[in-house]
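Throughout, a chain's letter reflects where its sequence line sits, starting with A, and its residues are numbered from 1.
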Amino acid sequence: MSKSYSPSDHETRIWDKWMASGAFHADPSRVLSGEAQPYTILIPPPNVTAALHLGHALNNSIQDILIRAHRMKGFETLWMPGTDHAGIATQTMVDKKLKEAGKPGIADYKKTELEGGPGREEFLKLVHEFKDQYEERITHQLMKMGCSCDWDRQRFTMDDICARAVREAFFQLFKDGLIYRGKRLVNWDPVTQTALADDEVEMEDVDGHFYYLRYPLVHETEPGNHDPVTWAELVRRGYPGAEDHPEDEQAWITVATTRPETYMGDTAVAISPKDPRAKAVSAFKCELPIIGRVIPIIEDDYVVLPVKYGGEPGDVKAEMSTGFLKVTPAHDPNDWMIGQRHSLEPINIMAPDASISDQHGWEREANNEGGHIFVGKSREDARKLVIAEFKAHTVAEGSEGSLLEKMVPYSHSVGHSYRSHAAIEPYLSDQWYCKVSDDKLRGNAQRALEPNQRTENSIKDWPESRPKMVADDTTDGSMSFFPARYAKTYETWHDNLRDWCISRQLWWGHRIPVWYKEYDSFEAMESESDAIVLGWLKDYQIVSIGSDEVAQSDGYGDYICIADADEKATSLLQEHGYTQDPDVLDTWFSSALWPLSTMGWPDATAAKDSSGIEDFESMLAAFNPSSVLTTAREIITLWVSRMTMFNRYFLGENEQPGKAPFKEIFIHAMIQDGDGRKMSKSLGNGVDPLDIISSHGADAMRFTLCQMTTQTQDVRMPVELDEATGKNTSPKFDLGRNLCNKLWNAAKFSMMMLEKNPIEPGMPIDPQELTLIDRWMLSRVVDATNKINTAQRNYMFKDYADTLYDLFWRDFCDWYLESIKPTIADNPNQRAVLRLVFEAILRLMHPVMPFITETLSERFADIPMNEITGFNFAQTRTNETLCQSGWPEPIDELRDEVAEEAYERVRSLVSTIREIRAQSQVAPKRKIVLHASGSLADDIARWSPLVETLAGVESISSDTPDGQAASFTFEGAEYQLSNLADALDEGAEKERLTKELATIEKSIGGIKGRLSNPGYTDKAPAHLVQQTRDQLAGLEKDRDATKSALDKLA
RNA sequence: GGGCGAGUAGCUCAGUUGGCUAGAGCGUUCGCCUUACACGCGAAAUGUCGUGGGUUCGAGUCCCUCCUCGCCUACCA
């Protein structure tokens, strides 16, 4: 074996071996027949937008650790791999790449499409190419990391099987009235020109201003005619402060806004009914300057009173507002609500690119309105122009002051697209919604939570629909978060849930399976849609809607949704004048179906036929619900919730909700750089997993990531630029690399020992016949195995890694291997223990460090193992490879407290001697003599030759040393070491003992203080007090022995 | 504004229900190529456990106050 471990020499070969062995392939029949318990993980499908980063490496390492451990424990494991089409992200990315390459972008293809050419199709071809490329890259990365997914079953969220699930889900929800179309304000991304869901909007702080705009007050004499209202009139009506203005001039009110450019869409000004000015002005109207539109003044409780009139001091709105609120229903969600309450017609003043437009709802010319100078301007330019215009004009000719009363700097947070980063425009449009607020979706997502993780309020609002039937019931109350605190995030999200906008104005994604046709009259629509159902579509399950709010507002329209529309149905619809909705579904709609679609739902036979995977029909029954979902916390709302709602909804039967899609959800930390910043491309602080694999090896990376995975929400990884390669790396990975190297060498050394003196097959060995050190080592393995099992059960990955490290490095290398050096050659039982313990260590390490352990396992394959009674391994399908071999399952009786205690004394004695050697500067190779008599001499005789080997002791003498010697205390008695040097430095020896004495005295002081406190002796548990007394007694003995040694020197 | 998390050695982090003199890795110092491993071995130094209070015989751990940082969420009058 080479001097050090070189990962690249082995990883590829080992990977190929695993793939050839079929070790990762899940067999549902073993689950259904009861041969094995299922253990399932669904990969959070990575976006095909980019290569995997370190966060993915962490996420997938964790999943692989869990999967490999359970495989070895005898579970039938399925790790379902796949990728996500990531609609908006991918489409944007491809567009960007095309433009960078100087090729036509999506705008050009859209133009072609409008001209009747094949724009959409052609563009999608390019996206598919991009997707194929990245999917391959991602798959390759996962394989390099060692991910033991069932690669034969890999899915993509837009493949045939997943697409069928999407169509069926949409159909069912549509049929059940849980999908509807609505005309309302959505989060509009003007750059990508699509609607976004609430959680795709990121809030960012923006420095802006409050603009105070004056709107002149008018009487409307008759529609289209109005006269100015004077301040004198307001004075008469008791408007506070009106008397401060010239009485014959036109009066105005002032509105405060951060978005003056939307004033063209104002349809009212609102005032609180509690405002003392309300009565005085509500009979009047306002005239929008420049445009000339006359709008009413309405009273609405939503409006906050300014501080002056009784508003809460400290409330930003009360502090900054004037009490008059401009109402722009088409461009502000709150104004939309006010508009609904007061039946105001919204006026949309923007084009989809957020430029000011009079072609999208603002009938400027028809209504003879001004403001043409704003048309065509971007939001930003329009704002500047509005401000300039207001500044340049006065309320009426000759009046004082401009229409722009003042500007006040104001910083607030504004929604931005998580993709284009453009400011979100609340925009009025027709969109499809999923009624997730329905109890059958939201309610059952809440009920899925384990009751101990739910809040009282939530249990009150959404009581369980039925009690748990059996212990492992996977419906209500079956889903737990780890760490538990994340259950709260999940619950709160549902508490505030609004209906989910599922349509996206994109090309890349699942096309909405709805066809539309317009009719001249309601009767025509009715009769034809009846005819359709009975006629040319009679072979299909269809739902037709001709009377929802949008359909009616558009005239007479009919929407048809067909269950699993095939090409024939599609062409029939086209023949009859129906066109398919051009929009696609939100990516998360298909992601939400991941636990179902990957298992072949709704039609496993079709899935079998199209994929050629014979056992597809058994998958759902065998592997849903999955065991655990491993993901990052940002996904709780986007994904976990939706998967839960859909799984329960679609697997429900007889009005009863179905099972939750997973039993446990593990939320892992996010990796940040050394300064606590997110790793990102733009900051250049990202670390590429493949770079680490090539510099340190996959196992080193995995161990380090595992070791970093604590229960906190963030972990930091200092990033450094490797000058040699020009790539980012982190010194943290050295930990893993060093461990691998140590393992390699320990294996080399063990093998050397076992080859020199081969193990011979024999009868099972009784652990009681083993030497102290062997019983100790076995006991340590038992202890570590228990700790690791607990750590795995609770997703405490750092505990797992630390336990491995301590067991292997500290116990096995530092003490066991060093201890057996003198005896292994002559003790066949010891060789059996070495072989077995090393095997157990390899298996315990394998889930974290699969490549090196498999490699070493190959090397050890020919070295026989003797059975040690009670040291068992789990039953698995085969032991052909280490990754399929059984997990250590030693019986508890191998935990040997006596051996642990005895060896602890050896270690303590050895450490004491080593300390003296170091302090007295004994030459490292020099052998010394230990003088000990009495019971310690007997013990050492039994422990022999451990102390000699470990402490560099040549012999143990029961005589007192005749010449120079160093004294030390051990367990309260005085002993000597001699032959430390050719001549002992008495001064140094005295100094050492004096220092030692001071340390002991200090400890005694502390302990005496505690014992002299009556509160302690009276109230603390008796065993603790006794322990303290024993400790004091021990220390006093040590003190006396040290003193006597010191006296002898003097 | 609401919620969550973090603040422990120079750095990255552990520290279960309060209970031996607060730990690990890296880094640092000293000595070593001691029958695998210098990616190593042996030894050592380094802490007012963010602040201030409280409960207790006893607090890194429980309660309250405040400070700093991060994340989520709400808010464009």
Side-chain angles (χ1 to χ4, degrees), chain A residues 1 3-5 199 203 206 208 210 212 255-259 262 270 303-304 306 315-326 332-335 410 412-415 423-424 426 485-486 488-489 492-493 496 633-634 636-637 670 672 674 676-678 696 700 707-708 710-718 730-732 734-735 737-753 794 796 798-799 802 805-806 813-814 817-818 821 911 914-915 917-919 921 923-925 952 999 1002-1003 1006-1007 1010 1013-1021 1024-1025 1027-1028 1030-1031:
Chain A
M1 286 173 78
K3 194 171 162 64
S4 58
Y5 175 60
D199 42 44
M203 303 310 283
V206 170
F210 261 125
Y212 292 81
V255 295
T257 180
T258 57
R259 298 203 60 195
T262 64
V303 181
V304 173
D315 174 356
V316 182
K317 286 179 180 174
E319 300 273 3
M320 307 295 281
S321 82
T322 63
F324 291 101
L325 173 67
K326 70 193 266 304
D332 182 289
N334 295 312
D335 292 5
Y410 178 60
H412 60 137
S413 88
V414 175
I424 289 298
R485 67 183 122 93
Y486 290 113
K488 200 166 174 179
T489 309
T492 315
W493 162 255
N496 304 320
R633 64 181 181 282
E634 57 191 9
I636 295 173
T637 55
M670 304 250 291
Q672 303 173 332
R677 298 173 307 177
K678 250 184 173 171
H696 289 71
Q707 196 272 156
M708 287 176 67
T710 58
Q711 306 288 296
T712 56
Q713 64 177 17
D714 301 310
V715 290
R716 288 184 182 193
M717 168 163 289
S730 172
K732 284 221 137 200
D734 293 350
L735 171 71
R737 186 197 54 191
N738 296 354
L739 180 63
C740 287
N741 192 242
K742 185 78 176 171
L743 182 62
W744 181 258
N745 278 287
K748 185 164 73 172
F749 182 64
S750 302
M751 200 137 68
M752 206 174 75
M753 305 246 198
N794 296 298
M796 312 275 263
K798 185 188 171 55
D799 282 6
D802 285 349
Y805 190 93
D806 288 342
C813 293
D814 288 354
L817 286 184
E818 293 304 326
K821 278 179 180 174
S911 294
R914 281 177 178 173
E915 212 173 299
R917 291 184 64 120
Q919 279 172 3
Q921 297 183 312
K925 281 183 176 163
T999 315
K1002 200 179 156 202
S1003 301
I1007 289 175
R1010 199 183 321 157
N1013 179 352
Y1016 178 68
T1017 45
D1018 294 351
K1019 294 190 184 174
L1024 279 175
V1025 177
Q1027 206 174 304
T1028 313
D1030 293 348
Q1031 200 187 351

Does NZ belonging to A:Lys1002 count more than 12 external heavy atoms closer than 6.0 Å?
no
What is the distance from NE2 of A:His696 to P of B:C39, rounded to the nearest Å?
12 Å
Quick test: give all pairs of protein nitrogen or oxygen and nucleotides 3-7 of chain B nitrogen or oxygen below 3.5 Å, distance rounded to 0.1 Å.
| unit_1 | atom_1 | unit_2 | atom_2 | d |
| --- | --- | --- | --- | --- |
| B:G3 | O3' | A:Lys488 | NZ | 3.2 |
| B:C4 | OP1 | A:Lys488 | NZ | 3.2 |

So what does A:Leu743 touch, heavy atoms closer than 4.0 Å: a base, only the sugar-phosphate, or nothing?
nothing
Touch check for A:Lys326, heavy atoms < 4.0 angstrom, all strands: base, sugar-phosphate only, or nothing?
nothing
Rounded to whole Å, please give me the gap between CD in A:Gln672 and C1' in B:G70.
7 Å
How does each nucleotide of nucleotides 18-35 of chain B score, in 5' to 3' order, for protein heavy atoms under 4.0 Å: base (B), sugar-phosphate only (S), or none (-)?
-BSB---S--------S-
A:Asp799 CG to B:C13 P: how many Å, rounded?
16 Å
Touch check for A:Met203, heavy atoms < 4.0 angstrom, all strands: base, sugar-phosphate only, or nothing?
base
Nearest of B:C39, B:G42, B:C11 to any side-chain atom of A:Arg737?
B:C39
Using a 4.0 Å heavy-atom cut-off, does A:Arg914 contact any base of the nucleic acid, only the sugar-phosphate backbone, or nothing at all?
sugar-phosphate
Using a 4.0 Å heavy-atom cut-off, does A:Val255 contact any base of the nucleic acid, only the sugar-phosphate backbone, or nothing at all?
nothing
Heavy-atom nearest nucleotide on RNA chain B taken for A:Glu915 and for A:Asn745; more 5' hit belongs to A:Asn745
Check every atom of B:C39, B:C13, B:G40 against the side chain of A:Lys742 and return the nucleotide holding the closest atom.
B:G40
Only Watson-Crick and G-U wobble pairs with both distances less than 3.5 Å should count. Give RNA chain B in dot-bracket notation, marking inter-strand partners with |.
(((((((..((((.....[...)))).(((((.......))))).....(.(((..]....))).))))))))....
When rounded to whole Å, the CZ to C1' distance for the pair A:Arg917 and B:C41 reads 13 Å
Hey, which sits more toward the 5' end of RNA chain B by its nearest nucleotide, A:Leu817 or A:Pro333?
A:Leu817
So what does A:Asp1018 hit on the nucleic acid, given a heavy-atom distance under 4.0 Å: a base, only sugar-phosphate, or nothing?
nothing
